[in-house]
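Working notes, structure below.
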Amino acid sequence: MFCKLLLFSLLSFITGAKASGEKTCAEILFVGDAMQHQAQLDRAKELGNGTHYDYSDCFTLIAPEVTAADYAVCNLEVPLGGGPTYSGYPCFSAPDSYAVALKDAGFDMFLTANNHCLDRRDKAAKRTLLALDSLKIDHIGTFQNADDRQNRVPFIKDIKGIRVGFLNYTYGTNGIPPQGDIEVAMIDRDRMAKEIAKTREAGAEIIIAAMHWGIEYVLLPNRNQKDLADFLIDSGVDIIIGGHPHVIQPMEVLHSSRQNKNVLVVYSLGNFISNMKTADTRGGALVRVRICRDKNGKAIFKDADYDLLFAAKPAGANSNFKVYPSHKENQIPASQQRHWQLFKRGALKIFNQHNREVPQKSYPIK
């Protein structure tokens with residue numbers, strides 16, 4: 001009798017919560033390209049006294065924003081080559097301590113399908129996956145071989161009780177073909193449609209496609225990106241997050257009449273951290289996406305907002321490259337305020353003119 005009463009009470013609580021309109025919501029955070037140019041490597045090595053690569057101060061100001069989310073994702077646009085030497089552009093390779101610093105900042109997942117993933121060929125690409133596994137960091141986009149891809153796709157994560165499927169694809173690998181059996185998830189409509197369907201069939205309630213696409217340094221999406229976004233939406237994707245241009249591009253909420261739902265499309269988040277120099281490449285955007293259960297218990301994309309980020313260069317003997325969120329702009333070194341203002345002005349011009357239903361997050365005045 002006691003067990004029956006307990007079960008009845010539990011069911012009554014759940015039913016009551018649904019009836020009262022209570023929603024289960026989760027927040028997922030995304031940032032753009034995490035780069036490692038030669039100047040970044042040199043400074044990290046210098047701060048590590050030549051014995052290791054020190055990134056301890058790069059993300060301290062942005063970490064509270066990252067850790068506040070229920071799940072956080074960045075694009076790891078460098079292989080973890082394993083040393084003993086590392087390199088910046090054009091063929092990247094970074095130390096494992098860089099991935100550790102990103103993990104310590106609060107990132108839960110790294111996207112690995114991008115045009116630099118084969119910069120150090122198959123060996124480094126495969127080593128990257130092993131390193132991320134050893135650090136217990138989720139990753140998607142490249143795979144040890146076809147069997148590994150078959151086993152890892154679908155990748156579904158339970159985020160506050162909502163089953164979220166992640167997929168990641170790239171337009172290319174800078175003309176460097178795989179030398180062996182490594183699998184890079186390329187933008188191939190037939191393959192993507194099958195993997196989207198497979199992810200849904202495996203129980204994903206929300207599907208997120210992270211796309212490495214577009215034209216570098218162009219601030220607006222091209223026709224190919226928009227056509228591909230339409231294809232992904234028609235195939236069942238709920239959220240599309242773009243990268244690669246190294247500059248921001250607009251964000252918009254589109255309504256799919258075929259799917260009868262709203263879908264978020266972020267065309268490019270720009271750079272998260274880098275040593276790029278032109279005004280539009282000096283930063284990027286952070287987007288927070290909220291997914292909720294509606295009154296019927298169905299998981300849906302609810303809404304999103306963004307903040308601007310600035311990647312400051314070292315401003316003193318003991319400083320490193322550092323990411324600043326816009327609401328901490330007063331802490332950006334005076335020597336780089338002009339660069340920040342130029343980046344901010346250009347980014348806000350694009351977002352204010354072209355964003356649809358994705359506002360900038362407001363912070364209390366302190």
Side-chain angles (χ1 to χ4, degrees), residues 26 28 30 71 73-77 108-118 122 125-126 128-129 132-133 137-159 162-173 177-178 180-214 224-244 254 256 258-269 289 291 298-301:
I28 308 175
F30 299 88
Y71 198 72
V73 182
C74 72
N75 173 46
L76 183 68
E77 196 149 354
D108 302 290
M109 168 178 272
F110 292 171
L111 307 172
T112 59
N114 54 65
N115 57 305
H116 288 289
C117 64
L118 295 182
D122 295 34
K126 289 191 172 190
T128 300
L129 303 179
L132 297 181
D133 285 340
I137 298 171
D138 294 340
H139 55 87
I140 193 76
T142 55
F143 310 90
Q144 295 285 350
N145 48 47
D147 288 342
D148 187 39
R149 184 172 185 174
Q150 183 70 21
N151 292 332
R152 289 183 182 264
V153 178
F155 180 92
I156 300 175
K157 194 77 176 181
D158 187 305
I159 305 175
I162 300 176
R163 290 172 57 80
V164 183
F166 290 86
L167 295 162
N168 175 211
Y169 301 97
T170 180
Y171 75 92
T173 55
D181 58 352
I182 192 166
E183 283 271 316
V184 178
M186 306 294 288
I187 293 175
D188 175 294
R189 294 195 179 203
D190 289 342
R191 186 68 181 267
M192 291 191 300
K194 290 176 182 176
E195 292 188 336
I196 292 166
K198 183 179 178 183
T199 301
R200 186 70 74 188
E201 290 164 4
E205 299 173 279
I206 295 288
I207 297 178
I208 298 173
M211 308 300 295
H212 211 71
W213 61 2
N224 182 59
Q225 286 170 275
K226 292 196 170 190
D227 287 346
L228 193 51
D230 288 343
F231 168 80
L232 293 169
I233 293 169
D234 287 344
S235 298
V237 170
D238 300 275
I239 295 163
I240 301 169
I241 304 292
H244 171 63
L254 302 177
S256 168
R258 177 184 293 187
Q259 302 286 339
N260 190 29
K261 65 183 180 183
N262 288 337
V263 177
L264 173 68
V265 183
V266 177
Y267 289 103
S268 175
L269 286 171
V289 181
I291 55 176
K298 181 181 178 181
I300 60 169
F301 158 70

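Positions are given from 1 along the sequence. No experiment lies behind these values; they were computed from the predicted model shown. What's counted below: heavy atoms across the whole structure, side chains too, no hydrogens, waters or symmetry copies.
Residues L111 and N168 share a closest heavy-atom pair of CB-OD1, 3.5 Å. Of all heavy-atom pairs between A125 and I182, the closest is CB-CD1, 3.2 Å. In terms of heavy atoms, F110 sits closest to L76 at CD1-CD2, 3.8 Å. Nearest approach of C117 to T112, heavy atoms of both residues: CB-O, 3.3 Å. R149 approaches V184 most closely through the heavy-atom pair NH1-O, 3.9 Å. Of all heavy-atom pairs between F301 and N262, the closest is CD2-O, 3.8 Å.
The structure places CD1 of I233 at 5.0 Å from CG of L254, a figure rounded to the nearest 0.5 Å. Taking CD1 of I159 as the reference point, atom CG of D108 lies at 8.0 Å (rounded to 0.5 Å). Considering CD1 of I156 and CZ of R163, their distance stands at 4.5 Å, rounded to 0.5 Å. Atom CD1 of I241 is separated from atom CG of L264 by 5.0 Å, given to the nearest 0.5 angstrom. I196 contributes atom CD1, which lies 6.5 Å from atom CG of L167 (distance to the nearest 0.5 angstrom). We find the CD-OG1 distance between E77 and T170 to be 8.0 Å, quoted to the nearest 0.5 Å.
Judged purely by distance below 3.5 Å, without hydrogens or angles, the side chains of H139 and D133 pair a donor atom with an acceptor atom.
Under the side-chain hydrogen bond (donor to acceptor under 3.5 Å, both in side chains) test applied with H212, the options T173, N114, N115 reduce to a single match, N115.
The side chain to side chain donor-acceptor pair (under 3.5 Å) test applied to R200 returns D238, not counting sequence neighbours.
In this structure, the side chains of V263 and L232 stay at 4.5 Å or more apart for every pair of heavy atoms. Considering only heavy atoms from C-beta on, K298 stays 4.5 Å or farther from K261 through its side chain. Residues V289 and V266 fail the side-chain proximity criterion, which asks for heavy atoms closer than 4.5 Å. In this structure the side chain of L269 reaches within 4.5 angstrom of the side chain of F30, judged on heavy atoms. Taking the side chain as every heavy atom from C-beta outward, M109 and I140 approach each other to under 4.5 Å.
Judged by distance alone, the side chain of K126 and the main-chain N or O of N145 form no donor-acceptor pair under 3.5 Å. Using a distance-only test at 3.5 Å, with no hydrogens or angles considered, a donor-acceptor pair links the side chain of Q259 to the main chain of D234. No donor-acceptor pair closer than 3.5 Å links the side chain of W213 to the backbone N or O of Y169. For the pair K198 (side chain) and V153 (backbone), a donor-acceptor distance under 3.5 Å is present. A donor-acceptor pair is defined here as one N or O able to donate and one able to accept, closer than 3.5 Å; no such pair exists between the side chain of K157 and the backbone of F166.
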### Task
Please step through side-chain contact (heavy atoms from CB on, under 4.5 Å) for the pair I187 and L228, ending with a clear verdict.
CA-CA 9 Å; I187 293 175; L228 193 51; 3.6 Å; yes
### Task
Evaluate the criterion side-chain contact (heavy atoms from CB on, under 4.5 Å) for residue pair V164 and Y71; output intermediate values, then yes/no.
CA-CA 11 Å; V164 183; Y71 198 72; over 6 Å; no
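Between H244 and Y171, the ring planes lie tilted relative to each other; the angle falls in the 30° to 60° range.
Under the 6.0 Å distance and 45° angle rule, R152 does not count as a cation-pi partner of F143.
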